[in-house]
A.B. asks: 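Questions regarding the structure given below will be posed in turn.
Chain A is the first sequence line, chain B the second, and so forth, proteins listed ahead of strands; every chain is numbered from 1. Quick caveat, the model's predicted, so the values are computed rather than measured.
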Amino acid sequence: MTTESNIRVRFAPSPTGNLHIGGARTAIYNWAFAKQHNGKFILRIEDTDPERSTLENTTQIIRSLRWLGLNWDEGPEVGGDFGPYQQTQRSETYKELLKQMMESDHVYPCFCSPKELNAKREIACAAKQNYGYDRCCRLISTDEAQARIAAGEPHTWRLKIPLNRGDITFDDAVYGSITVPISELDDFIMVRSDGTPTYNFVVCADDYLMQISHVIRGDDHLSNTPKQILVYEALGATVPVFAHLSMILGSDGKRLSKRHGATSVEAYRDAGYLSDALVNYLSLLGWAPDGETTIFSREQLKTAFDLERVSKNPAVFDANKLNWINRDYMKEMSAEAFLDALAPWLTESELLHNLPLAPKSTDDIYAKRSWYLQLQPLIVERIQTFADAAPMIAYLFSGPEVTLDKNSVEKCLRVADANKFLQIAIETLASINDSKLAWTHENIEAALRSIPEHLAVKPKLVFQAIRVAICGNMVSPPLFESIALIGRDFTLARLEVAKEYTLLA
RNA sequence: GGCCCGUUCGUCUAGCGGUUUAGGACACCGCCCUCUCAAGGCGGAGAUCACGGGUUCGAAUCCCGUACGGGCUGCCA
């Protein structure tokens with residue numbers, strides 16, 4: 001029986017873009033932390049920016065999280081007692097909280113126009129002065145403010161920062177104690193002139209109302225935290241524990257962006273990565289269970305994860321290591337699981353599409369399942385993602401003829417004795433059938449190995465010629481297994497074709 | 001400009017005052033294995049712990065500066 005705890009964390013993406021790997025790591029840490037403590041992992045969509053938020057992004061984010069296996073206990077699609085979990089659907093709640101703060105004198109209306117504010121900011125900036133709202137509207141009397149509001153004058157609502165409060169200190173689970181002088185904070189806007197709430201307001205309101213115990217998020221919010229603490233205080237709420245995560249950088253040490261190639265989670269899915277491997281790799285970016293362990297399951301992550309071990313400095317994303325981890329996961333998969341994951345990469349491959357024997361549907365694969373199950377050991381050590389599979393094994397599906405690589409022909413077929421090797425190979429392989437031996441890679445290997453032995457030549461010489469004839473290239477997966485999979489008739493046919501390319505004997 | 005934060009091999013990191021000639025992993029190089037390519041095994045190179053001062057018998061580890069990098073400084077989130 002699992003003990004319920006009061007640990008409640010949330011992942012709160014704003015749908016202004018797709019789920020990128022930085023966000024994914026934040027989600028992973030939140031998820032691991034919640035699961036470790038038998039707490040709740042909540043998904044909340046922060047779509048308060050109407051300009052940039054889209055439904056497409058929301059669905060993409062949800063799809064990505066599902067693919068990563070980070071299922072949430074409360075949020076879109078699953079509901080929960082603290083919904084709705086989409087901020088645009090919570091405006092009534094924010095209005096009530098604003099009213100509450102008006103009554104408790106924690107906010108005041110500001111009639112300054114954006115134009116005026118910008119002008120002041122520019123003057124301050126030009127004078128190299130520290131800019132902060134000058135609080136001019138804070139001095140307006142309540143009566144006057146009421147009258148101006150009643151008259152329909154546009155206004156925002158600002159937080160009335162307690163001037164006598166003293167410095168703000170909080171204990172970040174990752175960064176430790178952080179103190180900011182209250183003089184650094186200005187009376188920031190909580191509600192825009194159109195009545196919609198701003199981020200710094202809603203994020204606190206929701207974390208408060210949803211009883212979030214730990215706020216684990218990107219460190220771009222570290223500087224906003226003191227402001228938010230003031231909002232919690234204005235709301236009369238308990239301040240949650242904060243844990244800020246450093247960002248993930250591109251190989252040039254700059255913030256990850258489009259020019260670094262794939263940044264979205266779905267780009268990795270589409271590039272043929274396993275979600276388990278991605279989760280494992282991303283977990284390692286900024287956190288390590290110890291100095292040794294690299295590969296760990298989600299279960300182990302749940303057990304070992306520790307906010308205090310999260311690194312404070314930004315991590316550079318390294319595709320090499322992801323590739324290595326991905327291959328490790330592919331190697332560890334059962335043949336069945338590997339085939340199931342591989343199947344769509346074969347049936348949907350454009351490269352394979354025109355080959356006579358390529359699978360067109362999962363039914364095709366199912367019909368020859370035992371044949372397909374033999375692919376994993378053949379290719380798994382040679383591919384980094386499933387996307388690499390089709391080009392690696394296209395030669396298996398081309399029937400009696402295979403496209404011969406020009407360079408390979410030059411190097412391995414247009415050489416002395418190649419014609420002889422192929423001819424003997426044909427006779428030798430044919431004899432497997434004659435002697436009623438099964439067409440297995442063991443029998444094929446035994447038969448073919450006798451060739452260089454009898455001719456007293458280097459095995460490589462013979463096998464490379466045969467390899468080019470069968471696989472079309474001097475680099476390929478193992479030869480004998482390939483011959484076994486291609487079958488006797490097509491193998492012999494390919495050897496005959498290849499003879500045409502050898503020097504005349 | 002102001003405030004906040006960070007800085008250990010190319011990269012991710014271990015390290016929380018002595019056990020460290022700074023450990024592991026990826027990448028790199030070499031050897032072995034070998035039907036090619038991989039994979040695997042073994043080995044190698046690679047970090048004056050950003051720099052400069054302290055504190056201490058002793059510092060990568062604690063403190064203070066400096067440099068560099070990042071974040072915030074919006075009626076964005």
A.B. asks: For nucleotides B/C26 and B/U36, find the distance between their C1' atoms and express it as a whole number of Å.
C.D. replies: 25 Å

A.B. asks: Give a yes/no answer on whether the side chain of A/Arg255 brings an N or O atom under 4.0 Å of OP1 or OP2 in B/G71.
C.D. replies: yes

A.B. asks: For B/C75 and B/A67, measure between their P atoms and round to the nearest Å.
C.D. replies: 31 Å

A.B. asks: NA contact type, A/Gly218, heavy-atom cut-off 4.0 Å: base, sugar-phosphate, or nothing?
C.D. replies: nothing

A.B. asks: With a 3.5 Å limit on both atom pairs, tell me what B/U20 is paired to, counting Watson-Crick and G-U wobble, or say none.
C.D. replies: none

A.B. asks: How many Å lie between OH on A/Tyr175 and P on B/G70, as a whole number?
C.D. replies: 14 Å

A.B. asks: Over how many whole Å does the gap from A/Phe317 atom CZ to B/U11 atom P extend?
C.D. replies: 16 Å

A.B. asks: Could you give the distance separating B/A45 and B/C31 at their P atoms, to the nearest angstrom?
C.D. replies: 16 Å

A.B. asks: Can you tell me how far P in B/C63 sits from the matching atom in B/U55, rounded to whole Å?
C.D. replies: 15 Å

A.B. asks: Name the residue closer to the 5' end of RNA chain B, choosing between A/Gly132 and A/Leu222 according to the nucleotide with the nearest heavy atom.
C.D. replies: A/Leu222

A.B. asks: Looking at A/Arg327 and A/Glu381, does any basic side-chain N land under 4.0 Å from a carboxylate oxygen?
C.D. replies: no

A.B. asks: Tell me whether A/Asp49 is salt-bridged to A/Arg52, with the criterion being a basic N under 4.0 Å from an acidic carboxylate O.
C.D. replies: yes

A.B. asks: Can you find an N or O donor on one side and an acceptor on the other, under 3.5 Å apart, linking the side chain of A/Ser246 with the base of B/G6?
C.D. replies: no

A.B. asks: Contact class for A/Arg52 (heavy atom, under 4.0 Å): base, sugar-phosphate, or nothing?
C.D. replies: base

A.B. asks: Looking at B/A77, B/C3, B/U11, which one has an atom nearest to any side-chain atom of A/Pro181?
C.D. replies: B/C3

A.B. asks: Heavy atoms only, 4.0 Å cut-off, all strands: where does A/Thr48 land among base, sugar-phosphate and nothing?
C.D. replies: sugar-phosphate

A.B. asks: Please give the distance between the C1' atoms of B/C4 and B/C28 as a whole number of Å.
C.D. replies: 38 Å

A.B. asks: Over how many whole Å does the gap from A/Leu284 atom CG to B/U13 atom P extend?
C.D. replies: 8 Å

A.B. asks: Going by atom types alone, do A/Arg148 and A/His155 pair a side-chain donor with an acceptor below 3.5 Å?
C.D. replies: no

A.B. asks: Answer yes if the side chains of A/Asp219 and A/Tyr175 hold a donor-acceptor pair under 3.5 Å, and no otherwise.
C.D. replies: yes

A.B. asks: Between B/G15, B/G2, B/G6, which nucleotide gets closest to the side-chain atoms of A/Asn130?
C.D. replies: B/G2

A.B. asks: Thinking salt bridges, do A/Arg44 and A/Glu46 make one under a 4.0 Å N-O criterion?
C.D. replies: yes

A.B. asks: Rounded to the nearest angstrom, tell me the gap between atom CD1 in A/Ile325 and atom C1' in B/U11.
C.D. replies: 12 Å

A.B. asks: Would you indicate whether the side-chain heavy atoms of A/Phe296 and A/Ser283 approach each other to under 4.5 Å?
C.D. replies: yes

A.B. asks: Counting only Watson-Crick pairs (N1-N3 plus N6-O4 or O6-N4) and G-U wobbles (N1-O2, O6-N3), all under 3.5 Å, who is the partner of B/A67?
C.D. replies: B/U7

A.B. asks: Quick one: label A/Thr179 by what it contacts on the DNA or RNA (base, sugar-phosphate, nothing), any heavy atom closer than 4.0 Å.
C.D. replies: sugar-phosphate

A.B. asks: Determine the contact category for A/Lys458: base if any of its heavy atoms lies under 4.0 Å from a base atom, sugar-phosphate if only primed atoms, P, OP1 or OP2 are that close, otherwise nothing.
C.D. replies: nothing

A.B. asks: Heavy atoms from C-beta onward define the side chain here; which of B/U11, B/A77, B/G71 lies closest to that of A/Val316?
C.D. replies: B/U11

A.B. asks: Base, backbone or nothing for each nucleotide of nucleotides 27-38 of chain B, written B, S, -, heavy atoms under 4.0 angstrom, 5' to 3'?
C.D. replies: S-------BBBB

A.B. asks: Which part of the nucleic acid, if any, lies within contact of A/Thr294, taking any heavy atom under 4.0 Å across all strands shown: a base, the sugar-phosphate backbone alone, or nothing?
C.D. replies: sugar-phosphate

A.B. asks: Does A/Arg44 make a side-chain N or O approach to OP1 or OP2 of B/A77 shorter than 4.0 Å?
C.D. replies: no

A.B. asks: When we call it a touch if two heavy atoms are under 4.0 Å apart, what does A/His244 touch: a base, just sugar-phosphate, or nothing?
C.D. replies: nothing

A.B. asks: Please state how far atom CD in A/Glu308 lies from atom C1' in B/U13, giving the value in whole angstrom units.
C.D. replies: 18 Å

A.B. asks: Rounding to the closest angstrom, what is the interatomic distance between B/A22 and B/A59 at atom C1'?
C.D. replies: 13 Å

A.B. asks: Touch check for A/Asn224, heavy atoms < 4.0 angstrom, all strands: base, sugar-phosphate only, or nothing?
C.D. replies: base

A.B. asks: Using a 4.0 Å heavy-atom cut-off, does A/Leu285 contact any base of the nucleic acid, only the sugar-phosphate backbone, or nothing at all?
C.D. replies: sugar-phosphate

A.B. asks: Does any donor atom in the side chain of A/Tyr131 or A/Asp186 lie under 3.5 Å from an acceptor atom in the other side chain?
C.D. replies: no

A.B. asks: Quantified in whole Å, what is the P atom distance between nucleotide B/C51 and nucleotide B/U11?
C.D. replies: 15 Å

A.B. asks: Do NZ/NE/NH1/NH2 and the carboxylate oxygens of A/Asp187 and A/Lys160 come within less than 4.0 Å?
C.D. replies: no

A.B. asks: For B/C31, give the paired nucleotide (Watson-Crick: N1-N3 plus N6-O4 or O6-N4; G-U: N1-O2 and O6-N3; both under 3.5 Å), or none.
C.D. replies: B/G41

A.B. asks: Where the side chain of A/Ala288 is concerned, which of B/U13, B/G2, B/G71 is the nearest nucleotide?
C.D. replies: B/U13

A.B. asks: Would you find more than 12 non-hydrogen atoms of other residues, nucleotides or ligands less than 6.0 Å from A/Tyr501 atom OH?
C.D. replies: no

A.B. asks: Would you say A/Thr196 places a side-chain N or O within less than 4.0 Å of OP1 or OP2 belonging to B/C75?
C.D. replies: no

A.B. asks: Is any side-chain N or O of A/Arg217 closer than 4.0 Å to OP1 or OP2 of B/A77?
C.D. replies: no

A.B. asks: Whole Å only: how far is the CD1 atom of A/Ile178 from the C1' atom of B/G70?
C.D. replies: 14 Å

A.B. asks: Tell me whether the side-chain N/O atoms of A/Lys331 come closer than 4.0 Å to OP1 or OP2 in B/G40.
C.D. replies: yes

A.B. asks: Using atom P of each nucleotide, how far apart are B/G53 and B/G10 to the nearest Å?
C.D. replies: 24 Å

A.B. asks: What's A/Ser14 touching, base or sugar-phosphate or nothing? Going by heavy atoms closer than 4.0 Å.
C.D. replies: sugar-phosphate

A.B. asks: Tell me which one of A/Ser476, A/Ser482, A/Ser408 satisfies side chain to side chain donor-acceptor pair (under 3.5 Å) with A/Arg467.
C.D. replies: A/Ser476

A.B. asks: Are A/Asp206 and A/Gln87 linked by a side-chain donor-acceptor pair shorter than 3.5 Å?
C.D. replies: yes

A.B. asks: Take atom CG of A/Asn280 and atom P of B/C26, then tell me their distance rounded to the nearest Å.
C.D. replies: 13 Å

A.B. asks: Just the rounded figure in Å: distance from C1' of B/G70 to CG of A/Asp252.
C.D. replies: 14 Å

A.B. asks: For B/G46, which nucleotide is its Watson-Crick or G-U wobble mate, given both distances must be under 3.5 Å?
C.D. replies: none

